[in-house]
2 protein chains.
Amino acid sequence: MIHINSGDNLLKVLEACSNPHRLMIIAVLSKERKYVSQLARELGISRPLLYLHLQKLEEVEIVSSTMEISESGKAMKYYSLHSFQFEMNEQLIYKLSSTLIFKSKKEKERD
Amino acid sequence: MIHINSGDNLLKVLEACSNPHRLMIIAVLSKERKYVSQLARELGISRPLLYLHLQKLEEVEIVSSTMEISESGKAMKYYSLHSFQFEMNEQLIYKLSSTLIFKSKKEKERD
DNA sequence: ATCATATGTAATAATTTTATTACAGGTAAA
DNA sequence: TTTACCTGTAATAAAATTATTACATATGAT
């Protein structure tokens, strides 16, 4: 279960959820795990684009993946959702605001 | 009190919260209302930039503003926070996923 | 062999978001 | 009338995100 422990972490999770495709991915995976091509067909988007969105969700551990070899022998990458839950309200934001980090993407990459 | 009634609305609120400055604005305003210049000084950002962020928060009604004439006679624009609360989890996202809208910014502007 | 399906990613383009600069206006006090 | 506040915004620049295109590899079935 994901758990928000800092302002920085809250921000990252919010960013990960702030996209219609990524919300749809979460919705779909909340019912059952899917492999990449299957998910791409279901959402009606290209695999490269799906990869991009899956990466962002994986970075904050909303989803995770496992490679499996299907009965027919093909490699399949399955994505599944990690359950998550937090109360979005001003109290949470206030409480975590002291641990908010203001850095550009480039600065973050240097860490 | 803000209340999330559609996937589209959820997405907009998440987008509004997905920025460190805007989270700080929410944190500061959760304690007391502030006027624009005061808030800009407190956050250490320029007024034009602050306006941009306040606009995004105002669009989803997380904050609202009132113009007042101070005792000294100067116009002051006060911003205050609207209380908000919702459970972020996959159930909510699944429930609202049917009302998610996929439109570019340009397409939205044409509506 | 060719087709259909799966994986993965690099390079580029398009769009959106964020930030800055440079202005405009006003009131009040020194 | 100069200084110190306040409001507001247009134009531009910079950075980040999102989307597309074009590849490469592999397996199994026809």
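Note: hydrogens, waters and symmetry copies are ignored here, and every other heavy atom, side chains too, is used.
Both A/L49 and A/E71 lie close to DNA chain D; mapped to their nearest nucleotides by heavy-atom distance, the more 5′-ward contact belongs to A/L49.
Across all strands shown, B/S104 has heavy atoms under 4.0 Å from sugar-phosphate atoms exclusively, and none from any base. Nucleic acid contact class of A/K74 (heavy atoms, under 4.0 Å, all strands): base.
For the pair A/K34 and A/Y78, the cation does not sit on the ring face, since its NZ or CZ is not both under 6.0 Å from the ring centre and inside 45° of the axis.
Distance from the side chain of A/M67 is smallest for C/dT7 among the nucleotides C/dT7, D/dT18, C/dA22. Of all nucleotides listed (D/dT18, C/dA19, C/dA28), D/dT18 comes nearest to the side chain of A/L52.
Distance CG/B/L57 to NE2/B/H53: 9.0 Å, rounded to 0.5 Å. A distance of 8.5 Å separates SG of B/C17 from CZ of B/R22, quoted to the nearest 0.5 Å.
Rounding to whole angstrom units, NZ of residue A/K77 and C1' of D/dT25 are separated by 15 Å. Summarising the geometry, the separation between CD on A/E59 and C1' on D/dT18 is reported as 14 Å, rounded to the nearest angstrom. Atom C1' of nucleotide C/dA28 and atom CD1 of B/I69 are separated by 13 Å, given to the nearest angstrom. Distance CG (B/L57) to P (C/dT18): 11 Å, rounded to an integer number of Å. Spacing between atom CD of A/E15 and atom P of C/dT16 amounts to 18 Å, rounded to whole angstrom units. Between A/L11 atom CG and C/dT18 atom P the separation is 10 Å, expressed in whole Å. D/dA19 atom C1' lies 14 Å from atom CD of B/E107, rounded to whole Å. Here C/dT15 presents its P atom at 14 Å from NE2 of A/H21, a figure rounded to the nearest Å.
Considering only side-chain N and O atoms, A/H53 lies under 4.0 angstrom from the phosphate OP1 or OP2 of D/dA19. Side-chain nitrogen and oxygen atoms of A/R22 include at least one within less than 4.0 Å of the OP1 or OP2 phosphate oxygen of D/dT18. Between B/K106 and C/dT16 there is no side-chain N or O to OP1 or OP2 distance below 4.0 Å. The side chain of A/N19 places an N or O atom within less than 4.0 Å of a non-bridging phosphate oxygen (OP1 or OP2) of D/dT18. In this structure, B/S37 reaches the D/dT7 phosphate: one of its side-chain N or O atoms is under 4.0 Å from OP1 or OP2. For A/Y35, a side-chain nitrogen or oxygen approaches OP1 or OP2 of C/dA6 to under 4.0 Å. For B/Y51 and D/dT9, the shortest distance from a side-chain N or O to OP1 or OP2 is not below 4.0 Å. Between B/K105 and C/dT17 there is a side-chain N or O to OP1 or OP2 distance below 4.0 Å. Here A/R47 does not reach the OP1 or OP2 of D/dA22: none of its side-chain N or O atoms lies under 4.0 Å away.
Between the side chains of A/Q91 and B/S30, no donor N or O sits under 3.5 Å from an acceptor N or O.
For the side-chain contact (heavy atoms from CB on, under 4.5 Å) criterion with A/L96, the lone passing option out of A/L11, A/L10, A/D8 is A/L10.
Both B/F102 and B/I93 belong to a common hydrophobic cluster when Ile, Leu, Val, Met, Phe, Trp and Tyr are linked at side-chain heavy-atom distances under 4.5 angstrom.
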